[in-house]
Amino acid sequence: MTYATVREAIAEAARAANRLPADVDLTAVSKQQPWDRVARVLAAGHRRFGENRVEEAARRWSEHRPIVELRLIGRLQSNKVAAAVALFDVIETVDRPRLVEVLAREMDRQGRMVRLYIQINTGEEPQKGGVPPKEADAFIANCRRRQALAIEGLMCLPPAHEPPAAHFALLAKIAARNGLERLSMGMSGDFRTAIRFGATSVRIGAALFGERPDPELAGAPVIRP
Ligand SMILES: *Cc1c(COP(=O)(O)O)cnc(C)c1O
């Protein structure tokens, strides 16, 4: 889809859910995308981008840094926190006490406030990051009380092979009972459903830029019969 088509699809989904189109932000997920595709969306005036790796994001965005809002949507290792705090405006994948501690200390040290989302592992998948739903309330309270961090919202990434609606509903419920108003949920395949369940930002990559080139194949020799 073109940038305009994606914006229109988001607006339409918002209206269908009796919500205002302006209440749903688009995070353009530029990770691993060839730069010419990203440049097109930048040229169309879009300014909010999502990346999943700290080094890759730093390399790609240093030149454009002043004009964009960068959001980290991939897992953050403790040893990359300093670089992440320096680079990103928003970190959406806060998910363990140790990370919260290191983030609090690093923001203090750099004198920089990064907006934070807590990732909830709504499907309780062992290979995935995120706080288990049962621990969410205590985790959020700890972020606020002990580390005095401003938590902006919650984020989730539903299991790939399940209908996402129940996961979006669960995230919305956890947010509501903790007084959080921002929900980062919904990707290329399910953003309309996410908007119906209250998403305030949707993270769209492939539908906007095209499929990401397979990193295993990029640069590999082309084998012909
Ligand atoms: C890659 C990614 C997306 C975008 O997925 P698409 O299917 O390309 O829209 C969204 N959120 C997270 C956390 C991702 O890693």
Side-chain angles (χ1 to χ4, degrees), residues 1-10 13 24-38 40-41 46 48-58 60-61 68-77 80 84 87-96 99 114-131 152-165 167-168 170-172 175 182-218:
M1 291 194 261
T2 64
Y3 176 62
T5 312
V6 170
R7 294 305 301 220
E8 188 41 47
I10 291 170
V24 186
D25 291 335
L26 166 64
T27 298
V29 178
S30 47
K31 66 177 188 197
Q32 295 141 39
Q33 291 286 355
W35 186 257
D36 60 322
R37 297 180 184 176
V38 181
R40 263 201 304 275
V41 172
H46 191 69
R48 184 181 297 106
F49 293 87
E51 290 280 347
N52 69 336
R53 294 209 183 97
V54 180
E55 294 96 335
E56 184 190 349
R60 288 156 59 94
W61 286 102
V68 294
E69 176 185 292
L70 282 186
R71 303 174 74 107
L72 179 65
I73 60 169
R75 198 144 203 206
L76 178 57
Q77 294 165 287
K80 307 243 167 82
L87 181 68
F88 288 96
D89 300 287
V90 181
I91 293 175
E92 297 200 2
T93 50
V94 177
D95 68 351
R96 37 194 209 283
L99 179 60
V114 176
R115 289 142 57 203
L116 302 176
Y117 282 63
I118 293 170
Q119 182 178 354
I120 307 293
N121 189 354
T122 57
E124 306 197 48
E125 296 171 279
Q127 83 286 8
K128 214 171 251 180
V131 178
E152 186 167 299
L154 301 181
M155 178 269 215
C156 78
L157 190 62
H161 303 292
E162 277 180 37
H167 297 274
F168 296 150
L170 175 59
L171 196 73
R182 310 282 307 166
L183 293 172
S184 170
M185 58 189 196
M187 317 197 296
S188 290
D190 56 17
F191 68 90
R192 291 175 184 85
T193 307
I195 290 169
R196 186 147 50 84
F197 282 89
T200 58
S201 63
V202 291
R203 310 178 306 264
I204 300 184
L208 174 61
F209 295 109
E211 291 298 329
R212 286 175 286 279
D214 187 337
E216 300 285 319
L217 295 180

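Counting starts at 1 for both ligands and their atoms, following the listed order.
- Judged purely by atom type and a 3.5 angstrom limit, E51 has no side-chain atom pairing as donor or acceptor with the backbone of E56.
- By the salt bridge (charged side-chain N to carboxylate O under 4.0 Å, His left out) test, D95 pairs with R75, sequence neighbours left out.
- Protein residues with any heavy atom under 4.0 Å from ligand 1: V29, K31, I73, M155, L157, M187, S188, R203, I204, G205, A206, R212.
- Judged as a salt bridge (charged side-chain N to carboxylate O under 4.0 Å, His left out), and not counting sequence neighbours, R192 has no contacts.
- Residues passing the salt bridge (charged side-chain N to carboxylate O under 4.0 Å, His left out) test with K128 are E125, sequence neighbours excluded.
- The residue from T200, I10, D190 that alone fulfils the side chain to side chain contact (heavy atoms under 4.5 Å, CB included) condition with I195 is I10.
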Query - Pair R48-D89, side-chain contact (heavy atoms from CB on, under 4.5 Å): steps then yes or no - result: CA-CA 10 Å; R48 184 181 297 106; D89 300 287; over 6 Å; no

